[in-house]
Each structure stands twice: as C-alpha cells, then as structure tokens.
Amino acid sequence: MTVVVTGLGAVSCFGSGTGALWEGLLGASRRPDPAPDVCGLPARPHLYAAPDTGTPEGDTGRTGALLATAVAEAVAEAGLTPGDLCDAGLTVGTSLGDIDLAERPGETAPHPAGVPLATHRVTAALATRFGIGGPGQTLSTACSAGAYAVAWGAELIETGQADIVVACGGDAFSRVAVGTLERFGLLDGECCRPFDADRAGMVTGEGAAALVLESAASAERRGRPAQAVLAGHGWSCDAHHPMAPEPTGEQLRRSAAQALAGIAGTPGAAVLHRAGVALNDTVEATAISDAVTAAGGTGGEVLGYAPKAVMGHTAGAAGVFGCVIATLVLRHRLVPPNAHVTTPDPGCPLSVPLDGPAPLPRPSVLVSGTGFGGNNAVLTWRAAA
C-alpha cells in the first residue's frame, strides 16, 4: 500500500511553521547564543531554542506544547476533519517527554500528575486534544525516536490498521540532559560543525515536527494532493554499546538497504543524523554510501545534508524533522547548504553542498536516524507524480 504525506508542521529555533524552518535552513548561518547559567556550566553555546508556543494545557509541559503546535499545522494543511481524526493513528517520538515538569527550579514535592517522565503522557495528551482515536504508539528509542515514529506510522497504514496517521516527534530543553552530555564530552564549545574536520561534538536543540501520513487511496478520496511518497523504510539495532555506534556500521547499512529498495538508483540527497560527533558521523556516512553502492548507485553523487548544524540536536524530534526537511527538499528541488565548515571532512564519501543551495539532482531523498543503544531507522522519500 502506498503511503504519502499530505500535511507538515514544525516548531524550531527558526520559529513556528515549516515556512520559517525552510527559510532558516537556506540561511545556513545560525549559531546558538552562549548562556552561563545552565546546569552551572561555563558560558558556551548550548542550545538552539524554539519559541514559546503558548501556555501548556493542564499537566502538559513544554514538549507537549511544542508538539501540539506542530501537529495543529500538519492537521490543518492536510485538511483533516474531526471525523478523519477519530479513526486516525498517532505515533510520537520523544526521548524525555515533558522533562521540564521534573526540572522545575526549587520544586521538591511530587508532581501532582504522577510521574512526569512517562513519555506516553505526551501521546495521550495529543490524542485527547485533537480527538485522535485510532492506534497510538510512543517511540522512545533515544535520538532515533522520530525516525521510528514515522516508520511505525507508515506500517500502521501498510498493514491496514489505519488510513491516516499523524506521525510526530518532540523534545524540549533539559538541564539534566545538557549536564550529562557535557560530562561525557559530547558538546562542542564553538558550534555544531558536522561536516568540518575539526568538529568536536553536538549542540542541543529543541522543537517539534509532524507529518500527516496517509494511504494514497485515502488522499485521493479526500481530494488532498500528495507532497511526497514514502518509497521504503528499515530499522535495526547494533546492540553494541550504550552510546557509541558499532564501528563497521553493519546494522545501519542493513536498514539503509531496506529503505533504498523502494527507489531506483541513487537518491538525490541524504538528510543525515550527523551531529558533529566524529565516530558517529563517520560510521553513518560510510554505511549510507556503502548501501547506495551495493544497491547499484553511486554514494559520491548523493548530496549530504546535516540540519543539526543550524538547528541543534532535537533528540526525539530529529528524525521527524529529517522527514519534513526531505519533503521540503522534494517540493523546492533544492538541498540547503551545510553550515560551519572551514575544513571539509576528507573522510566523508558523500558530496557536501557548502556555498549555497544546490539543485536536487534526482527526485528522491534518504533520511537517516540513529540513537544511543544502537537504534537505527532509515527512510527514503520520492517526489509525488
């Protein structure tokens, strides 16, 4: 069964809406401001912050509020009615859910709503708010959670469990997460530089993104145009190390091979998970290139793009952002330029646009998502006819 995209939504450091996201990516110059008062850390870049999207409702925290804004945009663009949503599915990727409810300064009493870190709470809140009554799932596979949420949503449609699925991902700033990443030496003290030879780590980000996935038959029945078509998807787990990827990239390559089976030849571009951590970046790019070559394509002709350079690492939202960006790349036939590259990484086997947006050479885009614990998910998208 063919799965298509009929609606997009996003809240990022560039503002609310996919229009703001696209214009921000094309600018390719944003850097986070240093802040000295986070987790007691010294002044350094630490966060690409999203705008406030209004006061959270009820027991919802900041992640829930960001997700609600992104989902509202996607649902509106797709033209979904309450009747459509009643039977729709919902998949949510998040690492920490409404973590801010557990990190309120000076608060020591138990949260009245119970355990605020139960990630399924954001899914339940979204389902209630939008009247989404079909199958629901919370995916919390670390930083690949968003990519898993989209792929899982597609499987709900492919297996006939739903005609429409809202697939989304979100995470907000966490003082504990930033402190932990700092302790592990995973944060870059300058900025996020995924394609630079001197990259030294990630910078955190926050935000939410959403897609309305739909069977092609349902979209045609409702008279909604397809913005992109899901060509293939695959997932796997290294089971190698809590944080580091398996050095050969065997399982990521396997996921990529499954995703690439749905397109002919070489994808025009790859929206990579690449976050500025040298080993992870190297394993990912090599695995993707090898999978493209094994499928009869040419890895060196794929335009690699790393949005985390200007958005930060949005954790559970990252994979959904990747899919939203892939859809926008297909819509505009452009790949945004990569930011913060002084000395290009000589070990990257993909082509890397630097000086400005590059024309998309072929109408297909691969999206890669990886996460702690070795969780991998890869999706490929092609232009709608």
Side-chain angles (χ1 to χ4, degrees), residues 4-5 7-28 30 48 50 66 70 73-74 77 93 143-147 149-151 167-171 192 194-195 205-213 227-231 233 259 267-275 284 288 302-339 350 352-353 356-370 377-384:
V4 301
V5 176
L8 302 175
V11 185
S12 68
C13 61
F14 302 114
S16 183
T18 56
L21 171 63
W22 183 246
E23 290 302 315
L25 296 176
L26 292 180
R30 184 179 177 88
Y48 293 83
L66 293 170
E73 182 186 9
E77 185 177 47
C143 297
S144 62
V150 178
C168 57
D171 266 307
C192 185
F195 281 109
E206 60 176 3
L211 302 95
V212 172
L213 303 176
Q227 300 188 35
V229 178
L230 180 63
H233 58 89
V271 181
L272 301 170
H273 187 85
R274 200 175 182 102
E284 179 189 23
I288 296 301
V302 179
L303 300 183
Y305 180 58
K308 292 179 179 65
V310 289
M311 292 180 60
H313 196 328
T314 54
V320 188
F321 269 119
C323 293
V324 169
I325 292 168
T327 304
L328 294 172
V329 166
L330 290 167
R331 178 190 299 177
H332 297 282
R333 295 296 197 271
L334 287 175
V335 179
N338 287 284
L350 308 177
V352 182
L360 179 68
R362 292 166 296 280
S364 55
V365 181
L366 177 147
V367 177
S368 173
T370 63
V378 182
L379 306 97
T380 52
W381 302 90
R382 60 177 174 84

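Along the sequence shown, residues carry numbers from 1.
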Can any side-chain N or O of Glu206 pair as donor or acceptor with the backbone N or O of Ala50 at less than 3.5 Å? yes

If you define the side chain from C-beta out and look only at heavy atoms, does anything of Leu25 sit under 4.5 Å from Leu328? no

Nearest-0.5 Å distance, CZ of residue Arg362 to CG of residue Leu303: 7.0 Å

On a heavy-atom basis, which atom in Pro353 and which in Val335 lie closest, and how many Å separate them? CG-CG1, 4.2 Å

Do Phe195 and Leu272 touch side chain to side chain, with heavy atoms closer than 4.5 Å? yes

Between Tyr48 (side chain only) and Thr314 (backbone N and O only), is there a donor and an acceptor less than 3.5 Å apart? no

Taking the side chain as every heavy atom from C-beta outward, state whether Ser364 and Thr380 have any pair of such atoms under 4.5 Å apart. no

Can you name the residues that form a salt bridge (Lys or Arg N to Asp or Glu O under 4.0 Å) with Glu77, not counting sequence neighbours? Arg331

By salt bridge (Lys or Arg N to Asp or Glu O under 4.0 Å) - contacts of Arg382 (at least two apart): none

Whether Ser144 side chain and Gly369 backbone form a donor-acceptor pair below 3.5 Å: no

Contact summary for Phe14 and Ala20, nearest pair of heavy atoms: CB-O, 3.4 Å

Which atom of Pro337 lies closest to which atom of Pro357, heavy atoms considered: CD-N, 3.7 Å

Are Tyr305 and Val365 close enough that some pair of their side-chain heavy atoms sits under 4.5 Å apart? no

Straight-line distance of His313 NE2 to Cys143 SG, nearest 0.5 Å: 3.5 Å

Could you check if a side-chain atom of Pro307 sits within less than 4.5 angstrom of a side-chain atom of Phe321, using non-hydrogen atoms only? no

Check whether any side-chain heavy atom of Leu213 sits under 4.5 Å from a side-chain heavy atom of Leu230, and report yes or no. no

Closest approach of Cys192 to Ala275 (non-hydrogen atoms, all atoms of both residues): SG-O, 3.3 Å

Of the non-hydrogen atoms in Ala149 and Cys168, which two are nearest, and what is the gap between them? CB-O, 3.8 Å

Evaluate the side chain to side chain contact (heavy atoms under 4.5 Å, CB included) criterion for residues Leu366 and Val302: first the C-alpha distance (whole Å), next the side-chain angles of each, then the deciding distance (0.1 Å), finally the verdict. CA-CA 9 Å; Leu366 177 147; Val302 179; over 6 Å; no

OG1 of Thr18 to CD1 of Ile325, rounded to nearest 0.5 Å, is 11.0 Å

Give me the ring orientation class for Trp22 and His332: parallel if the planes are under 30° apart, tilted from 30 to 60°, perpendicular past 60°. parallel

Are the side chains of Leu360 and Leu330 in touch, meaning some heavy atoms are under 4.5 Å apart? yes

CE (Met311) and OG (Ser12) are apart, to the nearest 0.5 Å, by 5.0 Å

Sub-3.5 Å donor-acceptor pair from the side chain of Arg274 to the main-chain atoms of Pro194, do we have one? yes

pair Val324-Leu21: side-chain heavy atoms closer than 4.5 Å: yes

Is it the case that the side chains of Thr370 and Glu284 hold a donor-acceptor pair, with the cut-off being a distance below 3.5 Å and no angle test? no

Shortest non-hydrogen contact from Ala317 toward Gly207: CB-O, 3.6 Å

